[in-house]
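Accompanying notes for the structure given below.
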2 protein chains.
Amino acid sequence: MGVPLNDRSQNILEAIVEDYIQTAEPVGSRAITKRHAFDLSPATVRNVMADLEEMGFLISPHTSAGRIPTEKGYQYYVESLLKVRDLPTEFRSSLEDDSRFAGKSMEDVMQEVGHLLSGISRYTGLVMAPRFNSTVFRQIEFVRLSKGRLLVIFVSESGLVQNKVIEPGIDFSQRELESITNYLNHRLPGMTITQVRERIAVELHEEQSRLNKLQKQALELSDQALQGDIAEQVYVAGTSHMLEQPEFTSPDSMMKIMRTLESKQQLIDLLDCSQAARGVQIFIGSQSSHAEIEGCSLIAAPFSGHKGAVGTLGVIGPIRMNYSQVIPIVDFTASLVSRILDRES
Amino acid sequence: MGVPLNDRSQNILEAIVEDYIQTAEPVGSRAITKRHAFDLSPATVRNVMADLEEMGFLISPHTSAGRIPTEKGYQYYVESLLKVRDLPTEFRSSLEDDSRFAGKSMEDVMQEVGHLLSGISRYTGLVMAPRFNSTVFRQIEFVRLSKGRLLVIFVSESGLVQNKVIEPGIDFSQRELESITNYLNHRLPGMTITQVRERIAVELHEEQSRLNKLQKQALELSDQALQGDIAEQVYVAGTSHMLEQPEFTSPDSMMKIMRTLESKQQLIDLLDCSQAARGVQIFIGSQSSHAEIEGCSLIAAPFSGHKGAVGTLGVIGPIRMNYSQVIPIVDFTASLVSRILDRES
DNA sequence: TATTAGCACTCGCTTGTGTTGAGTGCTAAT
DNA sequence: ATTAGCACTCAACACAAGCGAGTGCTAATA
């Protein structure tokens, strides 16, 4: 990224970013020399700071205040200066405490994970469950609700459960449904939902003749059941932590941020980016693509069982976020959830 | 409630409450005579207002401001003065638009209802799904996840689906599970979950001898599956509307209210009160019992299918809430959801 | 007797004016 | 190359003055 910085400049930039992360106040030359025992006078630091400002790493809110990092400043800090700390053992053990997840459904686990993320990081935790279409089909069940109305329940290999209501033209008896269920559950497991859909389409159109009535009904029913995308599930926890941040004290910004965190769709878009990646990803400020969320950074990581169901989790907070603390939290949590997913299957 | 008010005082109180609901500003004597064509001078109105203040219906924030209603004032207004308006047809038709709920699972319906409530009322919408223990059992399914780990899925008569993970000591085969499922699904439907639990306990202890191995295993498994309370489900929508209210502009109160709305448990406690009641209930300010939520009122109503699954929905907003608008919204929505529940069964 | 006009009074809000102090940039000395 | 010294800037705070909406009281009016 452009001009390389010499050691002294790096140290000072690091000090400024870290001080600002802690205090949320513009940091001045004197403050730096005091807190970090560089053997430099404030005047020297001032000169360096002026350089850093010229290079675009810092900015002064006004003449007589200290300086704060720009987005570029944070980026440089995260890429080159940041020392990722180990996850404190207290958190580690709190996360590894399996009893927390015992007897819980997958949804409840996701929700709990969200709360853990937000509780430990003291920012807002996000968990996006694996997109159902990419999960591996395990089992389907039909429940007859009333004349012509059926409840369909899918279970994925990773233990995720989804259900919807359909109204096929025909009113199946419980007996018929059992046969259909049986047929489908012997034929479909092992494929992803998307694959299942394709397979059904093929069989219905090209192999019509070879099927008996029951088989045809079964396929038609599951075709209908799988139609329409199943909405992504996002779990958000600790939104109020956002309001605790000094950068969001103004009522306006509070409303703005809360509205964004309320819109599941925006969060899905946000998390979708990290879906494909591997490992922890960091989006600083406007880097977070569809930047509805000004002034925020996102630290996200995908998780997945070995059967391939891929979800994303992360922490969202102000740009002035404690990166060195949050990154290991997200990292560890993602691998934790991956382990849980594996265990289920 | 104490001294009855004469017509003129009532009219003026009504005018003050309504003006204040609209403007959120203390209303003065002059403002009243202008907006509502009483044939009175400001001076007369002032006298009446002084009386109303003495009786505890009004209060002045300070000497030279107008007056605002006290909780008692709102209560009197709601009980005696309020004319509940009809639900505007636009909302009515928007709510009755069934396509909105087509193909959705019960959870999705609840969530959608929450959004409707908040969208139409412009306050925060709450929906509490029927307590699972009180719903009527319809079907149970077991899915073998891995060695020793089972996914249990319950479906209630009203179409609600719940699932959890259990680890019985034994590792059942898929075949065994099918038999067990079959046995249970022929014996248990028609009872509430609570009744099912009692029945199982009885059979396991008192009729041990009469059961064969499979039956015993089946009962033990379902006993374990039903152990532990299943958490209430609450859906909250439109929390950011709360921040739009002028009474919550201060950062402190914003944080307070958001924290409360984030805590599902507090909301459950809140909504639980109206569980038993019939029809719309109104809790004004500190009336809302476990009053963690200062300055808020709750309008809630239970809904239920004819099979008895009872949930609660409502709208929460500032005490200065538009009661005449929100009450019919909640009323209508509750009956709408009841209808949907019935349809499912 | 009920109502109203008139008036002095209260008090929060806005506006304007210093004052303070942290922090800067520049220059000259080291 | 570094640093001490110094003039300068500017947000933030505090204080005072003035405004104005609204009140309560009193005396006049229907």
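Below, chains carry the letters A, B, ... as their sequence lines are ordered, and counting in each starts from 1.
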Nearest to the Ser64(B) side chain among dG23(C), dC11(C), dA5(C), which nucleotide is it? dC11(C)
Can Asn6(A) and Gln10(A) be said to form a side-chain hydrogen bond (donor to acceptor under 3.5 Å, both in side chains), step by step? CA-CA 6 Å; Asn6(A) 62 39; Gln10(A) 286 199 350; over 6 Å; no
More than 12 non-hydrogen atoms from neighbouring residues, nucleotides or ligands closer than 6.0 Å to NZ on Lys264(A), yes or no? yes
Here the distance between atom C1' of dT23(D) and atom CD1 of Ile68(B), to the nearest Å, is 16 Å
Just to confirm, is there a sub-4.0 Å distance from OP1 or OP2 of dT3(D) to any side-chain nitrogen or oxygen of Ser41(A)? yes
If you check every side-chain atom of Ser29(B), which of dA22(C), dT23(D), dA4(D) has the closest atom? dT23(D)
What's the CZ-P distance between Arg30(A) and dT3(D), to the nearest Å? 15 Å
Confirm from the modelled atom types if Arg46(B) and dG24(D) form a donor-acceptor pair under 3.5 Å, side chain to base only. yes
Checking dC11(C), dT3(D), dT4(C) against the side chain of His62(B) (C-beta onward), the nearest is dC11(C)
Does dT3(C) have its OP1 or OP2 closer than 4.0 Å to a side-chain nitrogen or oxygen of Thr44(B)? no
d(CD1, Ile59(A); P, dT24(C)) in whole Å: 14 Å
Could you tell me whether a side-chain N or O of Thr70(A) sits under 3.5 Å from a main-chain N or O of Ile59(A), the two making a donor and an acceptor? no
Does Glu90(B) have more than 12 heavy atoms from other residues, nucleotides or ligands lying within 6.0 Å of its CD? yes
Counting side-chain heavy atoms from CB outward, which of dA22(C), dC11(C), dT2(D) is closest to Arg8(A)? dT2(D)
What is the separation between atom CZ on Phe38(A) and atom C1' on dA1(D), rounded to the nearest whole Å? 18 Å
Nearest of dC10(D), dG25(C), dT23(D) to any side-chain atom of Arg67(A)? dG25(C)
Check every strand shown and say whether Thr63(B) touches a base, only sugar-phosphate, or nothing at a heavy-atom separation below 4.0 Å. sugar-phosphate
Dot-bracket assigned to DNA chain C with the 3.5 Å Watson-Crick/G-U criterion, [ ] for crossing and | for other-strand pairs, is ||||||||||||||||||||||||||||||
Find the distance Tyr20(A):OH to dG23(C):P and express it as a whole number of Å. 14 Å
Take Gln22(B) and Arg35(B), measure what side-chain hydrogen bond (donor to acceptor under 3.5 Å, both in side chains) needs, and give me the verdict at the end. CA-CA 12 Å; Gln22(B) 242 189 6; Arg35(B) 280 230 250 174; 3.1 Å; yes
What is the distance from CG of Leu58(B) to P of dT23(D), rounded to the nearest Å? 11 Å
Between Glu14(B) and Lys83(B), does any NZ, NE, NH1 or NH2 come within less than 4.0 Å of an OD or OE carboxylate oxygen? yes
State which of dT24(C), dT3(C), dG20(D) makes the closest approach to the side chain of Met49(A). dT24(C)
Step by step, work out the side-chain hydrogen bond (donor to acceptor under 3.5 Å, both in side chains) result for Gln325(A) and Ser121(A). CA-CA 8 Å; Gln325(A) 205 164 74; Ser121(A) 70; over 6 Å; no
Between Leu52(B) (CG) and dT23(D) (P), how many Å, whole number? 12 Å
Check the distance between dG22(D)'s C1' and Ile32(B)'s CD1 and give it to me in whole angstrom. 12 Å
Side-chain atoms of Ala50(B) come closest, of dG24(D), dT4(C), dT3(D), to dG24(D)
Which residue lies toward the 5' end of DNA chain C, Asn47(A) or Ala31(A), if each is placed at its nearest nucleotide? Ala31(A)
Carboxylate-amine/guanidinium proximity below 4.0 Å for Arg320(B) and Glu25(B): no
